[in-house]
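These notes are about the structure you will find just below.
What's counted below: heavy atoms across the whole structure, side chains too, no hydrogens, waters or symmetry copies. Along the sequence shown, the residues carry numbers beginning at 1.
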Amino acid sequence: MYLSKSSLGSFLQCPRKFQHLYIEKQKTETSPQAQRGIDVHRFCQEFFDNLHFRNGDFSLNPDFIEPFLEVCQPDAKDQIENFINFERQHWQICKSLYPKNPKKLFIPLVREEKFVSDSLMQVTIVDRLDLRIDGNYTLVEYKTERFQPKEWKKTEFRREMMFEKSTCEASKTFQERFPNSITDFVILFPRSNDIMTEGFNWRTASALKKAIEKMRIDIENAHYPCNVEYHCRFCNFSLTCDFEMEK
């Protein structure tokens, strides 16, 4: 079974939820929050195809942005505007780092692309891969939730990005196109207008490896206990789950 960031996250949150989603393949409805996230991700993906560069700055094609702003919900509109502001700051940084050709650093190498590692049996979709001034790469992720600076949540973000890094660097397709190293990650939170940026470290890599090894053992043994917690009440399977009996 090929694992993804989503399937790993579901398993660590609740193995029973993972069973419903990825073993039984039960369908769930797309929530307004999820649809909003899809729309914002689509905007971020298409943003770079609709830029005009002139006199050391860029402008956005009005035929592209206006339809988005007309139909999106107010909070999605705010996220789009915050993302544009992020990129204006990013553009200034690229100009200062590489004034001869700032677009080389500014335009992502990858946008919304899937990479598969057969050796690890993992798959990931990369929101974005940026070139660094030293020739290495930065993974960029978009999160439409509010940034939570709590350590347990940061650990979750670090694990997700490490999963993405390990999958990419073990992918033959990725290796052929990008021979250098993924050294760090950036997570943009346009909803709360926050940024999380860190370098990768061996502790996260070791913890991720142990979590995946345990997960695969539990899958092999069809061991899917229910993790009873506060979030159970928001779970799509709460009406059919027997978590009440397991408290």
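Contact record, Phe58 with Leu51: CD1-CD2, 3.7 Å, taken as the closest heavy-atom pair. The two residues His90 and Asp130 make their nearest non-hydrogen contact at CE1-OD2, 3.7 Å. Between Trp91 and Gly56, the closest heavy-atom pair is NE1-O, 3.0 Å. Taking each heavy atom of Leu131 and Leu105 in turn, the nearest pair found is O-CD2, 3.5 Å.
One N or O on the side chain of Asn221 and one on the backbone of Ile217 form a donor-acceptor pair closer than 3.5 Å. Panel note: side chain Arg111, backbone Gln45; a donor-acceptor pair is recorded below 3.5 Å. Without hydrogens or angle criteria, Asp127 side chain to Glu141 main chain gives no donor-acceptor distance under 3.5 Å. Ser192 contributes a side-chain N or O that, together with a main-chain N or O of Phe147, makes up a donor-acceptor pair within less than 3.5 Å. Side chain of Ser171 to main chain of Val116: a donor-acceptor pair is present (N/O by atom type, distance under 3.5 Å, no hydrogens or angles).
Geometrically, Lys143 does not engage Phe157 in a cation-pi contact defined by less than 6.0 Å to the ring centre and at most 45° from the axis.
Taking the ring centroids of Phe48 and Phe106, they lie under the 6.0 Å cut-off.
Ion pairing between a basic and an acidic side chain is recognised when a charged N comes within 4.0 Å of a carboxylate O; Arg158 and Glu151 show such pairing. A salt bridge links Glu87 and Arg128; the closest N-O separation between the charged side-chain nitrogens and carboxylate oxygens is under 4.0 Å. Classification of Arg146 and Asp194 as a salt-bridged pair fails, no side-chain N sitting under 4.0 Å from a carboxylate O. No salt bridge links Lys210 with Glu213; every basic N to acidic carboxylate O contact stays at or beyond 4.0 Å.
Leu139 pairs in a side chain to side chain contact (heavy atoms under 4.5 Å, CB included) with only one of the listed residues (Val186, Thr183, Asp184, Val126), which is Val126.
Between Phe83 and Phe43, the two ring planes are perpendicular [angle over 60°; tilted spans 30° to 60°].
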